[in-house]
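Below is one structure; the comments refer to it alone.
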Amino acid sequence: MNRVYNFSAGPSMLPESVLKRAADEMLCYGDTGMSVMEMSHRSKPYQAIIDEAEALLRELMNIPENYKVLFLQGGASSQFAMVPLNLFGFGAKADFVNTGAWAKKAAKEASRYGVANIVASSEDKTYSYIPELDSSKFDPEASYFHITANNTIYGTRFTELPKVGNVPLVADMSSNILSQVYDVNEFGIIYAGAQKNMGPAGVTLVIIREDLIGKALDICPTMFDYKTHSDNGSMFNTPPTYSIYICKMVYEWIKELGGVEAMEKINIEKANILYNFLDESNMFKGTVEVKDRSLMNVPFVTGNEELDAKFIQEASAKGFVSLKGHRSVGGMRASIYNAMPTEGVKALVDFMKDFEAHN
Ligand SMILES: *Cc1c(COP(=O)(O)O)cnc(C)c1O
């Protein structure tokens, strides 16, 4: 069977060249005589893999020396707890912008250990926009300020970062890490589950400024303390070895394309193909405010549930799969992460035009 165009929100498409190389190396990695999956995480060849992964990521994101890079388990959802368990040692309160289900979960988890203050919300309109921020509502004493940089479910993103002064900005970048250029210096912590835009499920990336490490609450479990992992080079216990190996190859793939800047250019071009069509279509409509549109997740509807269902079914039969929208938004959602080729988006738009002409 041919490979399909997979628009899944996550786990999602990976670059074909990475999958092919993983297949080639499946039984025998280099001259080790074994699969990376079978390798001791304490072995020399594996140490070389994780070191190379970190070095490539540092290069791609231009990560400054005073930031640690951690490869952890537990998903972005564990970070909802890990961030407050570590940063509430600096004062048990934090500010949150409620831009969707993930942001809300991050705030709810933080509220188990301290005060989670919601400074703005777009819940009133199914999170179809990024709310205006009034910095007079920010707490200058907060131990951190949390945003979901890209809202996977609703298809919005922060195009501008909040002005948080000296409060560490913490960003959940699970669905847009490495999709656009960011200045890491603007953040205290960046975290991202790998399975949307970076690799397979199982590894969660944390980029953390060094001065934020070492003040965890007494109740913080050893495994949830950033210090545990930063003191041990992400090797306190067994890291998600195979997932990190795939991430390393994804980083190499981005580097070969010209780095994050080149990736961002491609992503803008790709997203515009779809948004331009949505703007001119008489049948399909985008669901979010134009200024807040995500480059990665594009929700759209026809306004007629039966027609939506028909579209999803016919698209799937043509090899455009996982287009069903999240249950809270309905309709469709095309996730067009880094690994989705421009031809995939063009082919989808051609199919949508055809569907519109016949219905
Ligand atoms: C998917 C997602 C999560 C949850 O990630 P897990 O790795 O499944 O815990 C959190 N935040 C955002 C923005 C996501 O897209």
Ring centres under 6.0 angstrom apart (F300, Y275): no
Take a 6.0 Å sphere around CG of D134 and say whether it holds more than 12 heavy atoms from other residues, nucleotides or ligands. yes
Does the structure place the NZ or CZ of K125 under 6.0 Å from the centre of the six-membered ring of Y129, at an angle of no more than 45° from the ring's axis? yes
Taking A347's backbone N and O only, do any of them form a donor-acceptor pair with Y5's side chain (distance below 3.5 Å, no angle check)? no
Lys/Arg N to Asp/Glu carboxylate O, K310 vs E314, below 4.0 Å: yes
For E210, is the CD atom crowded, meaning more than 12 foreign heavy atoms sit under 6.0 Å from it? yes
Is there a side-chain contact between Y29 and T32 (heavy atoms, below 4.5 Å)? yes
Would a 4.5 Å heavy-atom cut-off, applied to side chains only, mark I213 and D231 as touching? no
Are K255 and E252 close enough, and set up right, to give a salt bridge (charged side-chain N to carboxylate O under 4.0 Å, His left out), and what steps lead you there? CA-CA 5 Å; K255 186 175 166 178; E252 283 165 343; over 6 Å; no
Between OG of S175 and CG of N151, what distance do you get to the nearest 0.5 Å? 7.0 Å
Contact between L274 and M352 at the side-chain level, heavy atoms closer than 4.5 Å - yes or no? yes
Does NZ belonging to K291 count more than 12 external heavy atoms closer than 6.0 Å? yes
To the nearest 0.5 Å, what is the distance between CG (N272) and CZ (R293)? 9.0 Å
Please report the shortest heavy-atom distance between N338 and N197, naming the atom on each side. N-OD1, 2.9 Å
Under 3.5 Å, is there a donor-acceptor pair between the side chain of S43 and the main chain of S40? yes
Assess the residue pair S335 and N297 against the criterion (side-chain hydrogen bond (donor to acceptor under 3.5 Å, both in side chains)); give the C-alpha distance rounded to whole Å, side-chain angles, the decisive distance to 0.1 Å, and a yes or no. CA-CA 4 Å; S335 294; N297 311 96; 3.0 Å; yes
P11 backbone acceptor or donor facing S8 side chain under 3.5 Å: yes
Do the charged groups of K248 and E54 touch, with an N to O distance under 4.0 Å? no
Flag this pair as yes if the NZ/CZ of K215 is under 6.0 angstrom from the six-membered ring centre of F90 and inside a 45 degree cone about the axis; otherwise no. yes
May I ask you to check whether Y113 and F88 place their ring centers less than 6.0 Å from one another? no
In Å, rounded to the nearest 0.5 Å, how long is the span from OG1 of T204 to CE of M82? 9.5 Å
Between Y191 and D172, is any pair of side-chain heavy atoms under 4.5 Å apart? yes
Say whether, by atom type as modelled, one donor and one acceptor occur between the side chain of T148 and the main chain of A171 under 3.5 angstrom. no
Without swapping roles, check the side chain of Y226 against the backbone of I208 for a donor-acceptor pair under 3.5 Å. no
Short question: side chain of R42, backbone of T238 - any donor-acceptor pair under 3.5 Å? no
To the nearest 0.5 Å, what is the distance between OG1 (T241) and OH (Y46)? 5.0 Å
L205-M263 co-clustered via ILVMFWY side chain contacts under 4.5 Å: yes
In terms of heavy-atom contacts, does CD of Q313 have more than 12 from other residues, nucleotides or ligands at under 6.0 Å? no
Which residues satisfy the side chain to side chain contact (heavy atoms under 4.5 Å, CB included) test with E256, sequence neighbours excluded? none
N267 side chain to S179 backbone, donor-acceptor under 3.5 Å: yes
Heavy-atom pair with the smallest gap, counting every atom of P15 and V250: CD-CG2, 4.2 Å
Sidechain N-carboxylate O distance under 4.0 Å for E261, K265: no
Can you see which heavy atom on V18 is nearest to which on M249, and at what distance? CG2-O, 3.6 Å
Can you name the nearest heavy-atom pair linking A94 to A142, along with the distance? CA-CB, 4.1 Å
State whether the side chain of E186 and the backbone N or O of D183 hold a donor-acceptor pair below 3.5 Å, judged by distance alone. no
Do S143 side-chain atoms and K93 backbone N/O form a donor-acceptor pair below 3.5 Å? yes
Within the structure provided, determine whether R209 and K68 are in side-chain contact (heavy-atom separation under 4.5 Å). no
Keeping D292 on the side-chain end and R157 on the backbone end, is there a donor-acceptor pair under 3.5 Å? no
Between R112 and E109, does any side-chain N to carboxylate O distance fall below 4.0 Å? yes
Are I254 and L178 side-chain neighbours, meaning at least one heavy-atom pair lies under 4.5 Å? yes
Do S328 and Y154 have side chains that approach each other closer than 4.5 Å (heavy atoms only, starting at C-beta)? yes
Answer yes if the ring centres of Y337 and F7 are under 6.0 angstrom apart, and no otherwise. no
If you compare all heavy atoms of A76 against all heavy atoms of S174, which two are closest, and at what distance to 0.1 Å? CB-OG, 3.3 Å
Minimum heavy-atom separation for M340 and M13, please, with both atom names. CE-SD, 3.4 Å
For the CG atom of L169 and the CG atom of D95, what is their distance to the nearest 0.5 Å? 11.0 Å
At what distance, to the nearest 0.5 angstrom, does CD1 of I147 lie from CZ of F158? 5.0 Å
SB check K227 D225 (cutoff 4.0 Å): no
